[in-house]
Amino acid sequence: MDLRLAVYQLASKYALDAQQSRQLQEAAGFQRAPARLAYWLPRGVAVLGAALLGMGLICWVAANWDTLGRTGRFALLQGMFVAACVGAFASPKARVPLLLLALLAIGGLFAYFGQTYQTGADPWQLFALWAALALPLCLVARSDVLWTPWMLVLATATALWMQAHAHHSWRIDASDLSIFISGWLAMLAACAFVSPLLARWTGAGHWALRLGLVLATILISGTAVSALFGSEVASPYWAGLGLLAIAAIVLATRQLFDGFCLSAVALGVNTLLVGGLARALFIGSGDGTGRLVMLGLFAAVLLALTVQGILWRTRQGAA
């Protein structure tokens, strides 16, 4: 129950006057500042300011495309990157937001470079190079403020790489299985890199791992479900289902357990199981209503069992 609502209900139940209501609110802590507000507020504002400044820099260069020359635009983007790195070295307290600004400046610089020279490189190469050059910044910052956008950049590079190298860009084919598995393993390896197992060296927290696993689950389950629309159940479906099942087992262990991560991967497994059953049920002719009822019952029972299993594992971890 919400604490404020509970206080109002107590005041109404016992017919407290104004002074007694104020005393009750003071006892509940309504007049005190939230815990650690003085610690998190300036840091949150600094990170938000760095993110807005980095994105504003990219938009400002685009808006003044005709005003600034090629040299001026390059000098501005590179100068912002150098200034952010020097500032992070000189001021450790402002290191995280300044390195976030440097990470965004790298993306803006590569985007401008690709638009200016038209090198013919695939988009995934720019994102991969962005992730590679931003990796030292993340290791220095040791904060999810940088690891989280880094994971997003890497996931974009991986998805674009898979799309560029697949022989059938408009459908999922078993002949591209090695490409799909390579991309999936790259994302899962990045998740392992920011996991608690290496947190001593990376400094990564929970959010980078959670975002990475959510993106990896979307990438794997999306590809595997798309394979079901072929003439046969192609091997990418079974590979994706097996990989997500292994990831769920690993996340259920004591060292790597995280309720959010396990729930995301379990949802992907449920989606693939329901999708596989739907294809098996509707591949032929017959009573469509009965098949829909069977599919709905299977999805409901599977979801209930999954929730109960995650709750049981959560209680075991708390105990």
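Linking Ile, Leu, Val, Met, Phe, Trp and Tyr whenever their side-chain heavy atoms come within less than 4.5 Å puts Trp201 and Val194 in one cluster. Connection of Val86 to Leu146 is established within a shared hydrophobic cluster, with ILVMFWY side chains joined at heavy-atom distances below 4.5 Å, either directly or through further cluster members. A continuous path of ILVMFWY side-chain contacts below 4.5 Å connects Leu281 to Phe298, so both sit in one hydrophobic cluster. Follow the hydrophobic side-chain contacts under 4.5 Å out from Ile218 and you never reach Leu241; the two are in separate clusters. Hydrophobic cluster membership is shared by Val96 and Met151, with clusters built from Ile, Leu, Val, Met, Phe, Trp and Tyr side chains linked at under 4.5 angstrom.
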Evaluate ring pair (Phe, Tyr, Trp, His ring centres under 6.0 Å) for Phe193 paired with Trp147, printing each intermediate quantity in order. CA-CA 10 Å; Phe193 184 69; Trp147 283 118; 5.6 Å; yes

Show your working on side chain to side chain contact (heavy atoms under 4.5 Å, CB included) between Ser195 and Leu256 and close with a plain yes or no. CA-CA 8 Å; Ser195 68; Leu256 295 176; 4.3 Å; yes

Pair Thr217, Leu267 - check side chain to side chain contact (heavy atoms under 4.5 Å, CB included), show working. CA-CA 9 Å; Thr217 302; Leu267 179 61; 6.0 Å; no

Does Phe89 form a side chain to side chain contact (heavy atoms under 4.5 Å, CB included) with Cys85? I'd like the steps, not just the answer. CA-CA 6 Å; Phe89 177 79; Cys85 291; over 6 Å; no

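Two residues are said to be in side-chain contact when any heavy atoms from C-beta on lie closer than 4.5 Å; Leu277 and Leu273 fail this criterion. Here the side chains of Leu243 and Ile181 are not in contact, with every heavy-atom distance at 4.5 Å or above. Looking only at side-chain heavy atoms (C-beta outward), Asp258 and Leu209 stay at 4.5 Å or farther from each other. Under the 4.5 Å side-chain criterion, counting only non-hydrogen atoms from C-beta, Leu57 is in contact with Leu77. Side-chain contact between Thr156 and Leu160: present, with at least one pair of heavy atoms (C-beta onward) separated by less than 4.5 Å. At least one side-chain heavy atom of Met162 sits under 4.5 Å from a side-chain heavy atom of Leu219. Looking at heavy atoms from C-beta onward, Val214 lies in side-chain contact with Phe260 at the 4.5 angstrom threshold. The closest side-chain heavy-atom distance from Leu154 to Trp150 is below 4.5 Å.
Between atom CG of residue Leu215 and atom OG1 of residue Thr158 there is a gap of 9.5 Å, rounded to the nearest 0.5 Å. Atom CG in Leu213 sits 4.5 Å away from atom SG in Cys261 (nearest 0.5 Å). For the atom pair CD1 of Ile106 and CG of Leu133, the computed distance is 5.5 Å after rounding to the nearest 0.5 Å. Residue Thr314 holds its OG1 atom at 7.5 Å from CG of Leu262, rounded to the nearest 0.5 Å. Annotation: the span from Ser263 atom OG to Asn270 atom CG amounts to 10.5 Å, rounded to 0.5 Å. For the atom pair CD1 (Ile220) and CG (Leu244), the distance works out to 4.5 Å, reported to the nearest 0.5 Å.
The heavy-atom pair separating Leu103 from Leu137 by the smallest distance is N-CD1, 3.9 Å. Met187 approaches Ala155 most closely through the heavy-atom pair SD-CA, 3.5 Å. What you find for Leu100 and Ala50 is that their closest heavy atoms are CD2-CB, 4.4 Å. Closest non-hydrogen pair, Trp161 versus Ser182, comes out as CH2-CB, 3.9 Å. Shortest non-hydrogen contact noted between Leu104 and Gly54 is CD1-CA, 3.9 Å. For the pair Leu177 and Pro236, the tightest heavy-atom approach, listed with the atom from each and the gap, is CD1-CA, 3.8 Å.
The side-chain contact (heavy atoms from CB on, under 4.5 Å) search around Leu305 returns Val301, not counting sequence neighbours.
Under the 6.0 Å distance and 45° angle rule, Arg315 does not count as a cation-pi partner of Trp312. Geometric assessment of Arg313 against the ring of Phe257 yields a positive cation-pi assignment under the 6.0 Å and 45° thresholds.
For the pair Tyr237 (side chain) and Leu272 (backbone), a donor-acceptor distance under 3.5 Å is present. Side chain of Thr253 to main chain of Val250: a donor-acceptor pair is present (N/O by atom type, distance under 3.5 Å, no hydrogens or angles). Remark: side-chain polar atoms of Arg291 are not paired, donor with acceptor, to backbone N or O of Ala278 under 3.5 angstrom. Judged purely by atom type and a 3.5 angstrom limit, Ser91 has no side-chain atom pairing as donor or acceptor with the backbone of Gly87. Between the side chain of Arg95 and the backbone N or O of Ala141 there is no donor-acceptor pair closer than 3.5 Å. Although no hydrogens or angles enter the test, the distance criterion places a donor-acceptor pair under 3.5 Å between the side chain of Asp144 and the main chain of Gly205.
Heavy-atom neighbours of Trp124 CH2 from other residues, nucleotides or ligands within 6.0 Å: above the threshold of 12.
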